[in-house]
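Reckoned from all heavy atoms, side chains included, excluding hydrogens, waters and symmetry mates. Since this is a predicted model, take the numbers as computed values, not measurements.
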Amino acid sequence: TLFRSKMLARLLKSSHPEDLRAANKLIKEMVQEDQKRMEKISKRVHAIEEVNNNVSLLTDMLNSYAKGETSEVNEDLMKELYQRCEKMRPTLFRLASDTEDNDEALAEILQANDSLTQVINTYRQVVRGEVINGETTGGAIPGRSEE
């Protein structure tokens with residue numbers, strides 16, 4: 001913060017040993033805070049990237065899914081991707097609640113969550129035949145053209 005930077009500048013200009021010790025302590029605290037912030041950013045970027053990759057792959061597989069015609073290997077892979085997507089939901093909620101004063105980061109997290117929810121619901125409709133929001137088929141598969 002600006003206050004800490006001004007305080008640090010004042011402490012560094014001082015010739016008193018206790019002020020220099022205080023400056024050293026303040027520098028260490030500021031470095032630790034920066035490292036924690038960078039770690040949070042890295043975790044967020046990695047999580048969003050993982051969500052987007054899983055969503056993209058599962059969406060592609062759902063677009064070409066045909067009950068009884070899709071291979072067992074592909075069905076197993078789709079199930080695994082679906083489970084990964086389910087496991088990412090709490091991570092996104094945690095990231096959203098940890099995001100402070102960064103509207104852009106929060107928007108990215110919320111967008112990833114929307115994509116995640118959409119592909120999870122599509123999987124449930126298309127593969128499991130569940131009724132989601134009154135719909136039984138995957139008419140809302142992103143990118144699929146209705147023929």
Side-chain angles (χ1 to χ4, degrees), residues 1-12 20-147:
T1 63
L2 185 61
F3 171 76
R4 292 175 100 183
S5 297
K6 286 183 178 182
M7 170 75 99
L8 181 59
R10 188 183 61 76
L11 290 171
L12 289 172
L20 295 176
R21 278 194 291 277
N24 190 32
K25 184 179 178 206
L26 187 56
I27 289 169
K28 285 180 182 176
E29 288 172 3
M30 292 168 77
V31 167
Q32 284 178 337
E33 285 175 11
D34 276 351
Q35 287 173 334
K36 284 180 183 175
R37 192 177 77 252
M38 293 308 290
E39 201 174 287
K40 271 186 179 181
I41 290 170
S42 177
K43 281 182 182 177
R44 183 185 75 234
V45 168
H46 177 75
I48 290 172
E49 197 173 278
E50 184 178 345
V51 165
N52 289 338
N53 290 340
N54 287 332
V55 165
S56 177
L57 188 53
L58 185 53
T59 298
D60 289 347
M61 293 185 82
L62 286 168
N63 283 334
S64 61
Y65 176 78
K67 200 167 198 74
E69 294 176 27
T70 299
S71 71
E72 191 176 328
V73 170
N74 280 351
E75 284 191 13
D76 288 346
L77 180 57
M78 287 171 55
K79 184 176 183 180
E80 188 179 317
L81 286 166
Y82 164 77
Q83 290 169 342
R84 280 191 208 162
C85 287
E86 281 283 18
K87 286 179 184 166
M88 289 301 296
R89 288 177 114 168
T91 303
L92 288 181
F93 287 129
R94 210 170 22 258
L95 286 172
S97 65
D98 286 350
T99 301
E100 303 160 357
D101 302 327
N102 189 338
D103 292 342
E104 191 176 316
L106 189 57
E108 282 182 13
I109 294 166
L110 295 176
Q111 177 60 52
N113 186 62
D114 288 349
S115 300
L116 200 59
T117 300
Q118 186 174 14
V119 80
I120 285 170
N121 287 343
T122 301
Y123 177 89
R124 288 176 177 168
Q125 287 176 310
V126 172
V127 178
R128 294 183 173 176
E130 293 179 18
V131 177
I132 311 277
N133 298 328
E135 294 182 32
T136 53
T137 59
I141 297 178
R144 177 181 262 186
S145 59
E146 299 298 317
E147 292 160 16

A.B. asks: How close do A47 and M88 get, counting heavy atoms only, and between which atoms?
C.D. replies: O-CE, 3.6 Å

A.B. asks: At what distance, to the nearest 0.5 angstrom, does CG of N54 lie from OG1 of T59?
C.D. replies: 10.0 Å

A.B. asks: Which heavy atom in A112 sits nearest to a heavy atom in L92, and how many Å separate them?
C.D. replies: C-CD1, 4.0 Å

A.B. asks: If you measure from CG on L12 to CG on L20, what distance do you get to the nearest 0.5 Å?
C.D. replies: 7.0 Å

A.B. asks: Under 4.5 Å between any side-chain heavy atoms of S64 and D60, yes or no?
C.D. replies: no

A.B. asks: With a 4.5 Å cut-off on side-chain heavy atoms, are Y82 and R128 touching?
C.D. replies: yes

A.B. asks: Answer yes or no: is there an ion pair linking E50 with K87, defined by an N-O contact shorter than 4.0 Å?
C.D. replies: no

A.B. asks: Using the side chain to side chain donor-acceptor pair (under 3.5 Å) rule, collect all pairs that involve residues 69-81, keeping only residues at least two apart or in two chains.
C.D. replies: E80-R84

A.B. asks: Quick one: does M78's side chain get under 4.5 Å of L81's, heavy atoms only?
C.D. replies: no

A.B. asks: Looking only at heavy atoms, what is the nearest atom pair of V127 and K67, with distance?
C.D. replies: O-NZ, 3.0 Å

A.B. asks: Could you grab the distance from atom CG of N24 to atom CD of E29, nearest 0.5 Å is fine?
C.D. replies: 10.5 Å

A.B. asks: For a 4.5 angstrom cut-off between non-hydrogen side-chain atoms, does E33 reach R4?
C.D. replies: yes

A.B. asks: Sort out for me which residue in V51, T91, D98, T99 forms a side chain to side chain contact (heavy atoms under 4.5 Å, CB included) with I109.
C.D. replies: T99

A.B. asks: Is it the case that more than 12 heavy atoms not belonging to K6 sit under 6.0 Å from its NZ atom?
C.D. replies: no

A.B. asks: Rounded to the nearest 0.5 Å, what's the gap from NZ on K36 to CD1 on I41? Could you check?
C.D. replies: 14.5 Å

A.B. asks: Mark yes or no for whether T122, through its side chain, and Q118, through its backbone, hold a donor-acceptor pair below 3.5 Å.
C.D. replies: yes

A.B. asks: With side chains defined as the heavy atoms from C-beta onward, is the minimum distance between V45 and E108 less than 4.5 Å?
C.D. replies: no

A.B. asks: So how far is it from L57 CG to C85 SG, rounded to the nearest 0.5 Å?
C.D. replies: 9.0 Å

A.B. asks: Check whether any side-chain heavy atom of R37 sits under 4.5 Å from a side-chain heavy atom of D34, and report yes or no.
C.D. replies: yes

A.B. asks: How far does CG of N121 sit from CG of L116, to the nearest 0.5 angstrom?
C.D. replies: 10.0 Å

A.B. asks: Do R21 and K25 come close enough that some side-chain heavy atom pair is under 4.5 Å?
C.D. replies: no

